[in-house]
Amino acid sequence: VELELDYGICDYATGTCECNFPFIKEDCSVGLCPHQCYLHGKCDSKTGKCECQNNWSGEDCSIPPSCPKSCSGHGRCTDEGKCICAFPFVGEDCATPECPNKCSNHG
């Protein structure tokens with residue numbers, strides 16, 4: 001006699017479980033997360049689902065965070081979704097050019 005449960009099938013005749021993916025262990029109590037969440041999240045071993053961190057997203061945390069306006073073409077986007085602007089651009093989206101030395105406060 002077999003009984004299908006959420007995480008696997010229990011075979012009462014043999015006293016064993018056949019786990020449904022992504023669950024493992026003899027009692028199907030541990031869930032494996034897809035691609036180990038690409039190291040951008042924590043794996044919830046009870047559900048087998050990734051809890052993404054630092055604005056990463058997707059089932060396996062493989063979608064990187066996006067930067068505002070893609071840094072306006074004047075910087076690069078970090079893994080945290082923040083722009084690092086190329087000189088002389090500043091601002092959250094690197095859209096504002098800044099004068100050298102702030103125009104010595106005369107402009």
Side-chain angles (χ1 to χ4, degrees):
V1 176
E2 292 182 344
L3 176 64
E4 187 165 347
L5 304 170
D6 288 340
Y7 301 143
I9 297 172
C10 179
D11 184 337
Y12 287 107
T14 62
T16 60
C17 295
E18 183 178 321
C19 302
N20 295 330
F21 183 80
F23 296 94
I24 60 170
K25 293 282 190 187
E26 61 189 28
D27 61 356
C28 305
S29 63
V30 174
L32 295 176
C33 288
H35 303 108
Q36 302 303 322
C37 306
Y38 281 107
L39 304 177
H40 297 295
K42 284 178 51 180
C43 180
D44 183 335
S45 64
K46 291 185 174 134
T47 64
K49 295 187 182 210
C50 293
E51 295 171 4
C52 301
Q53 299 170 332
N54 296 325
N55 298 318
W56 284 76
S57 61
E59 181 179 281
D60 57 4
C61 302
S62 63
I63 301 171
S66 60
C67 281
K69 296 182 184 176
S70 297
C71 303
S72 303
H74 302 294
R76 67 176 180 85
C77 188
T78 67
D79 285 348
E80 289 80 32
K82 296 185 189 282
C83 292
I84 295 180
C85 303
F87 182 80
F89 295 92
V90 296
E92 183 178 286
D93 60 1
C94 301
T96 308
E98 184 175 78
C99 292
N101 226 10
K102 296 189 180 184
C103 297
S104 300
N105 294 323
H106 297 291

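Just so we're clear, the structure is a prediction, and the values are computed from it rather than from any experiment. Numbers here simply count residues along the sequence, with the first being 1.
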Asker: How far does CD1 of Ile84 sit from CZ of Arg76, to the nearest 0.5 angstrom?
Answerer: 4.0 Å
Asker: Tell me, do Pro34 and Glu59 make a side-chain contact under 4.5 Å, heavy atoms counted?
Answerer: yes
Asker: May I ask you to test the Ser29-Phe23 pair for a side-chain heavy-atom distance under 4.5 Å?
Answerer: no
Asker: Atom CD in Gln53, atom NE2 in His40: separation rounded to 0.5 Å?
Answerer: 10.5 Å
Asker: Between NZ of Lys69 and NE2 of His74, what distance do you get to the nearest 0.5 Å?
Answerer: 11.0 Å
Asker: Do Ile24 and Cys19 have side-chain heavy atoms sitting under 4.5 Å apart?
Answerer: no
Asker: How about Trp56 and Pro64: do any of their side-chain heavy atoms sit closer than 4.5 Å?
Answerer: yes
Asker: Looking only at heavy atoms, what is the nearest atom pair of Cys61 and Gly41, with distance?
Answerer: SG-CA, 4.1 Å
Asker: What distance do Leu32 atom CG and Lys25 atom NZ have between them, rounded to the nearest 0.5 Å?
Answerer: 10.0 Å
Asker: Are there over 12 heavy-atom neighbours, none belonging to Glu98, within less than 6.0 Å of that residue's CD?
Answerer: yes
Asker: Walk me through it: do Cys28 and Cys17 pass the test disulfide (SG to SG under 2.5 Å)?
Answerer: CA-CA 7 Å; Cys28 305; Cys17 295; 4.6 Å; no
Asker: Evaluate whether the separation between SG of Cys83 and SG of Cys77 stays below 2.5 angstrom.
Answerer: no
Asker: SG to SG below 2.5 angstrom is the rule I want applied to Cys37 and Cys52. Does it hold?
Answerer: no
Asker: Is it true that atom CD of Glu80 has more than 12 heavy atoms of other residues, nucleotides or ligands lying nearer than 6.0 Å?
Answerer: yes
Asker: Rounded to the nearest 0.5 Å, how far does CD1 of Ile63 lie from CG of Asn55?
Answerer: 12.5 Å
Asker: Mind listing the closest non-hydrogen atom pair of Cys33 and Cys50 along with its distance?
Answerer: CB-SG, 3.7 Å
Asker: Looking at Val30, is its backbone amide N or carbonyl O close enough to the side chain of Ser45 to form a donor-acceptor pair, meaning the two atoms are under 3.5 Å apart?
Answerer: no
Asker: About how many Å separate NZ of Lys82 and SG of Cys85, when rounded to the nearest 0.5 Å?
Answerer: 12.0 Å
Asker: Does Ser70 reach the main-chain N or O of Ser72 with its side chain, forming a donor-acceptor pair under 3.5 Å?
Answerer: no
